[in-house]
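Notes for the one structure printed next.
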Amino acid sequence: MAPPKYMGLSGRPLSIAVSTVATTGFLLFGYDQGVMSGIITAPAFNAMFEETKNNSTMQGLVTAIYEIGCLAGAMFILGVGDLLGRRRAIILGAAVMLLGVIIQVTSMPGSSPLAQLIVGRVVMGVGNGINTSTIPTYQAECSKTSNRGLLICIEGGIIAFGTLIAYWIDYGASYGPDDLVWRFPIAFQVIFAVFIIIPMIFLPESPRWLLSHHRVEDADKVISAIRGYELGSEETALERNLIMDSLRAAGGFGQKSTPLKALFTGGKTQHFRRMLLGSSAQFMQQVGGCNAVIYYFPILFEESIKETHSMSLLLGGVNMIVYSIFATTSWFVIERVGRRRLFLIGSVGQCLSMVLTFACLIPGDPMTARGAAVGLFTYIAFFGATWLPLPWLYPAEVNPIKTRAKANAVSTCVNWLFNFLIVMVTPIMVTSIGWGTYLFFAAINACFIPVIYFFYPETARRSLEEIDIIFAKGHVENISYVKASKELPQLQPVEIEEYARRYGLVDSSARAGGGRDARDEEEKAAISGSSSNSSNDVVVDEHGVEAGLGDGLKTSKRADRD
């Protein structure tokens, strides 16, 4: 019997389709990050929205208000994301973004065009906040452990390509009629939104979400389709049972939403610390100055380096090519170099780049100021290779399955909150303190180095189960979690349960009391109604770990409370 199909696809082609649509969501995110930079100071745009002309505060508000919408979208997912589902949330997010585009491009003179533009920016931000909070979780729950990190890293890196497209469309449109200068770059986002909505209607839901809502038959169908198994096969039953094990460890089969208070627990599972690690990565990404360069690169060239508007746009496009090229380097070194080392390399590189930038601006000489352009180019190169993708990957890895969805939403909220702050104040800082803006960002990046060195454990080449053990080891042995990560050897799947038992993560009594037969009656009925091939053994093997659909550990509820 052939495996089930979605969009006429199954197995690897279906997995590629899921990854392509998910990646398009982040491509749209990157595009919208860059699109305002080339039009916010354009004469045609300022003629339509007169309040923005030579007004850095209003320029900052128009650009940054988008982040408030993104924050609202992320908070929406924090509240109802587990109930709505990954697939419907992504469709909703793209549809809301589509509505935001329509509101913006239909602004007309004489009818409060600035107010309409701002409303459209906020609406579009809500849609993007929904998508950026949901897509990494959806991708992770549909991927194998062996390529989960790479796929999420690609999603983060593809943001640079979206920004690259935006910069060059802005540059090309700047030579057209007044309406084309700003309406076309904004309207172009419709293409990305439609490419997300239509395929997502036909693509499968996350199997973990389906099982958390008792939809066992649907989950079996999705697992079989994504993996290329026959429906009702032993492999399908094994992966489904691994997911159920992880769901029981997370609080019980059928628990539709993890309570917020679970994010603030410590003990062996260290939910609160792990949420802070993921959120702080997003915080540092934003306050390090990335959007001061991405959003306002042409403005920085016009105001600080005194280039023409056209030349600033051209140099901004070249800078985005550099950005995109270096964004791909993390895809090849993320597992080899590790997360900690890339974080540290990026922080040092960004700090020194900002030092070069402000040092060249101090004399106030246009020729010397051109050296600041080199600093901005090297900054974006270091950022693209390190801090661009890592804060999207690290929270998805470091948070346990019980709190992963909500902790990711919290980290995304942090991202958008400080994104708004930096985008809002950057043009004001450039106008008020000039080169002091880059001195500020240099000092901030220098502060990241000790934080990462002392508090960020390495997660490269670790399964999600091993990361759980790292935090349990640090808590039980009262050592730093960085040290626990270094001391814990690379574990084979057969060794994971032994170490989990050693540090109190496995409830041995539950295992002794019957393993899978300890399921409640509702769970047994759901399984028996969907498949007759489920295994009665607790299995954590190579195949199970590679499935990437559940952590495969029987974590005791008592461990979460310790």
Side-chain angles (χ1 to χ4, degrees), residues 26-27 29-42 59-60 63 156-175 185 188 285-286 288-330 345-347 349-361 366-389 419 422-423 426-427 429-430 434-435 437-438 441-442 445:
F26 272 75
L27 189 68
F29 167 28
Y31 183 92
D32 206 68
Q33 267 201 323
V35 71
M36 289 302 294
S37 63
I39 62 179
I40 193 69
T41 58
Q59 290 174 3
T63 306
I158 210 71
I159 296 171
F161 287 89
T163 309
L164 170 67
I165 295 170
Y167 264 73
W168 284 105
I169 285 182
D170 282 352
Y171 180 70
S174 68
Y175 290 96
F188 191 78
Q285 182 196 60
Q286 294 306 315
C290 63
N291 283 310
V293 178
I294 294 170
Y295 276 84
Y296 296 119
F297 192 93
I299 297 177
L300 299 180
F301 265 73
E302 287 185 55
E303 299 291 333
S304 299
I305 307 179
K306 309 303 181 185
E307 291 288 354
T308 65
H309 179 69
S310 178
M311 180 57 69
S312 297
L313 282 179
L314 180 61
L315 291 172
V318 173
N319 194 33
M320 288 305 104
I321 293 176
V322 175
Y323 183 32
S324 301
I325 291 172
F326 279 88
T328 63
T329 60
S330 63
I345 291 171
S347 298
Q350 290 177 182
C351 175
L352 295 178
S353 297
M354 285 297 184
V355 168
L356 175 61
T357 300
F358 85 75
C360 290
L361 291 175
M367 290 301 295
T368 307
R370 293 183 179 182
V374 178
L376 295 178
F377 274 88
T378 57
Y379 175 93
I380 208 67
F382 277 106
F383 175 77
T386 58
W387 277 99
L388 171 64
N419 195 319
I422 296 301
V423 173
T426 294
M429 292 174 68
V430 171
W435 58 263
T437 305
Y438 310 100
F441 287 126
N445 278 280

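- Although no hydrogens or angles enter the test, the distance criterion places a donor-acceptor pair under 3.5 Å between the side chain of Y379 and the main chain of C290.
- Applying the side-chain contact (heavy atoms from CB on, under 4.5 Å) rule to A42 yields the partners F45, V181, H309; only residues at least two apart in sequence or on another chain are considered.
- N445 pairs by the side chain to side chain donor-acceptor pair (under 3.5 Å) definition with Q350, not counting sequence neighbours.
- Scanning for side-chain contact (heavy atoms from CB on, under 4.5 Å) contacts around L356 gives C360, V374, with sequence neighbours left out.
- Distance check, rounded to the nearest 0.5 Å: CD1 of I159 to CG of D32 gives 12.0 Å.
- Listed here is the closest heavy atom pair of V35 and A166: N-CB, 3.6 Å.
- For Y171, the ring pair (Phe, Tyr, Trp, His ring centres under 6.0 Å) criterion is met by W168, Y175, not counting sequence neighbours.
- Partners of I325 under the side-chain contact (heavy atoms from CB on, under 4.5 Å) rule, at least two apart in sequence or in another chain, are I321.
- In this structure, S330 has no side chain to side chain donor-acceptor pair (under 3.5 Å) partners at least two apart in sequence or on a different chain.
- In this view, S174 satisfies the side chain to side chain donor-acceptor pair (under 3.5 Å) rule with no residue, not counting sequence neighbours.
- Distance alone, capped at 3.5 Å, places no donor-acceptor pair between the T378 side chain and the S353 backbone.
- In this view, Q286 and N291, N419 satisfy the side chain to side chain donor-acceptor pair (under 3.5 Å) rule, not counting sequence neighbours.
- Remark: I169 pairs with Y31, I165, F184, P185, F188 by the side-chain contact (heavy atoms from CB on, under 4.5 Å) rule, at least two apart or across chains.
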